Amino acid sequence: FCAFDPDRISCEELAREIETAKPHSLETPAGREHAIDVVYGGPDLEALARRAGLSLDEAASRHAAADYRVAFLGFAPGFAYLTGLPAELAAPRLPTPRTRVPAGSVAVAGGYCGIYPAESPGGWNLIGRARARLFDPDREPPALFAPGDRVRFRARRAEELEVVAPLPARNSPGGTPVFRVMAPGLWCSTVAAPFRGRGSSGLPPSGAMDPAALQHGNALLRNAAGAAALEFAVAGPELEALQDIRVAVAGGVCDAAVGGVALENGAPVTVRRGQRVTLGPVRRGVRAYLCAAGGFEPPGLLSIPERFAAGDLLFRARGSSPGAISVLQPAPEFTPEPVVRIVLGPQEDSFAHEGVAALLNSPFRISSASDRRGIRLEGPSLTFRGGCEIPPEGTALGAIQVPGDGQPIVLGPDRPVTGGYPKIGTVISADFRLVAQARPGTFLRFRVISAGEALAARRRMPPS
């Protein structure tokens, strides 16, 4: 999956280049061999066995007896799509993806098998648990599996499995610590401009949920547009300043104070060493950003934003050049029922006419189960024309994927990099912040525009 800039090359020109490119002979690498111990008995094994006309033991034995090969990595950091699953064990994805799948879960979907490297949402059928560290940012390469590797599963009893030691504490990013987290709030992490070119390891681009708000806060302090800032949702943290530093708050309107004195959104202020910065409830919108002069140290290249805990330190960015100074963005609009513009496709034809009509003519409610991976919507079920699955393919920010239950999910910056649910449309980049700043319980509506109109709206956005 590759994103491109339509201001540099048009879809038609890119298609012609792909069609006329000389084919390359792709040789499958010999790869390494891996033996993975697994305890069978996941929550979906019984249904899988019943579908195949097998007992639980027979289903587990057939799964363990197969030879698997890594086709590619995607979905999540270190998640490998394994071919070689016996045909009788193939199964469709769940109609409603689970909001949390435990790390190490062995799962099947379609004709693939996979292991969840970390706890995450997921719609695959869970048939067991493995004990293997599939992704380690401090390892080179960070993913255990690589395309072409061969994998065998070995059935074990739970008491026979070795416990995988937790990852060692992350090394200090270095530089100068400027804040200590006294209380972390509900969700608080550092975000920066999206990373590119790491999807082959299953890592998403990540970045801010509201890029315009991040850019606005950085502009107030004359930082580069993508300088790292603190993103927090619903209720913010309390911080203690370890150095004098100038800060500003942008995005959702929140109750903020420095040393007990109220701080308004968009008003830069100098925080003195020892003062407390309190970022209270976000009263309008969902997410707000604390930006600092020079920016914070950004998340590591191989990690997605992680929640801060009490006692964690925030560091000033090291040796980063300011780059192009960002441009002040207009203040966000927080409307009770936002209208969000979308472009239909790429799998619009997977849906019945009634399904497309329901998307465009009905309000959808923001679910409380939403997060940075995906904003889940509740409303009328979007009916399919045929099946509710597609071969796994790359995903884009704002893509509206629809699992078997017909309830749409708008993919966010920490989205799975590949997915097998069809996508009925994509929220245009100029309007993604409307979805990102809609509170749980808010209703929103969709309006279709053309790709040309979406590009024109993108060009009207202030330059980053």
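Bear in mind the structure is a predicted one, so any value in this text is a computation, not a measurement. Worth knowing before you read on, the calculation uses all heavy atoms, side chains too, and leaves out hydrogens, waters and symmetry mates.
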Would you tabulate the side-chain donor-acceptor contacts of residues 379-389 under 3.5 Å, counting partners in other chains and residues two or more places apart, or write 'none'?
unit_1	atom_1	unit_2	atom_2	d
Ser381	OG	Asp405	O	3.1
Thr383	OG1	Gly355	N	3.3
Glu389	OE1	Arg93	NH1	2.7
Glu389	OE2	Arg93	N	2.4

Query raised in the report: Could you go step by step and tell me if Ile428 and Arg458 meet the side chain to side chain contact (heavy atoms under 4.5 Å, CB included) rule?
Result: CA-CA 8 Å; Ile428 70 171; Arg458 177 178 180 268; over 6 Å; no
Query - Verdict with supporting geometry, Gln407 and Leu377, side chain to side chain contact (heavy atoms under 4.5 Å, CB included) - result: CA-CA 6 Å; Gln407 298 298 290; Leu377 305 179; 6.0 Å; no
Decide yes or no for [X] and [Y]: does some side-chain heavy atom of the first lie under 4.5 Å from some side-chain heavy atom of the second?
X      : Y      : result
Val286 : Val234 : yes
Arg372 : Val191 : yes
Val410 : Val340 : no
Pro237 : Met182 : no
Leu94  : Asn125 : yes
Leu239 : Val271 : no
Cys254 : Phe232 : yes
Glu238 : Arg276 : yes

Without swapping roles, check the side chain of [X] against the backbone of [Y] for a donor-acceptor pair under 3.5 Å.
X      : Y      : value
Thr190 : Ala228 : no
Arg439 : Gly285 : yes
Asn218 : Leu221 : no
Arg129 : Gly41  : no

Which heavy atom of [X] sits nearest to which heavy atom of [Y], and what is that distance?
X      : Y      : answer
Pro298 : Ala192 : CB-CB, 4.1 Å
Leu397 : Arg415 : N-CZ, 3.3 Å
Phe296 : Ala292 : CZ-CB, 3.6 Å
Arg287 : Ala436 : NH1-O, 2.6 Å
Ala229 : Cys291 : CB-SG, 3.7 Å
Ala130 : Ile36  : CB-CG2, 3.7 Å

Side-chain atoms of residues 108-116: list all donor-acceptor pairs with protein atoms under 3.5 Å, sequence neighbours left out, distances to 0.1 Å.
unit_1	atom_1	unit_2	atom_2	d
Tyr116	OH	Trp124	N	3.4

Please round to the nearest 0.5 Å and tell me the distance separating atom [atom1] of [X] and atom [atom2] of [Y].
X      : Y      : atom1 : atom2 : answer
Arg373 : Asp414 : CZ    : CG    : 7.0 Å
Ser370 : Glu378 : OG    : CD    : 8.0 Å
Leu134 : Arg139 : CG    : CZ    : 8.0 Å
Thr426 : Gln401 : OG1   : CD    : 11.0 Å
Ser362 : Leu444 : OG    : CG    : 11.5 Å
Leu455 : Arg460 : CG    : CZ    : 10.0 Å

Would you tabulate the side-chain donor-acceptor contacts of residues 79-89 under 3.5 Å, counting partners in other chains and residues two or more places apart, or write 'none'?
unit_1	atom_1	unit_2	atom_2	d
Tyr81	OH	Thr418	OG1	2.7
Thr83	OG1	Arg69	O	3.3
Glu88	OE2	Arg62	NH1	3.0

Report task. Report the residues that fulfil side chain to side chain donor-acceptor pair (under 3.5 Å) with Arg98, sequence neighbours left out, ordered by chain and then residue number. Result ->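 Expected list: Asp44.
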**Report entry** Partners meeting side chain to side chain donor-acceptor pair (under 3.5 Å) with Tyr40 (sequence neighbours left out)
**Finding:**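 With sequence neighbours excluded, Tyr40 shows a side chain to side chain donor-acceptor pair (under 3.5 Å) to His63, given in chain and number order.
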**Report entry** All pairs passing side-chain hydrogen bond (donor to acceptor under 3.5 Å, both in side chains) where residues 338-358 contributes a residue, at least two apart
**Finding:**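 Non-adjacent pairs meeting side-chain hydrogen bond (donor to acceptor under 3.5 Å, both in side chains): Arg341-Asp431, Gln347-Glu393.
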Report task. For the pair Asp37 and Arg131, find out whether any cationic side-chain nitrogen is under 4.0 Å from an anionic carboxylate oxygen. Result -> no
Surrounding [atom1] of [X] (heavy atoms of other residues, nucleotides or ligands, distance under 6.0 Å), is the total greater than 12?
X      : atom1 : result
Glu453 : CD    : yes
Glu46  : CD    : no
Arg8   : CZ    : no

Report task. Just do the side chain to side chain contact (heavy atoms under 4.5 Å, CB included) check on Met209 and Tyr289 with the steps written out, would you? Result -> CA-CA 10 Å; Met209 282 289 285; Tyr289 297 83; 3.9 Å; yes
Requested in this report: Just do the side chain to side chain contact (heavy atoms under 4.5 Å, CB included) check on Phe446 and Ile400 with the steps written out, would you?
Outcome: CA-CA 11 Å; Phe446 294 109; Ile400 307 171; 4.0 Å; yes
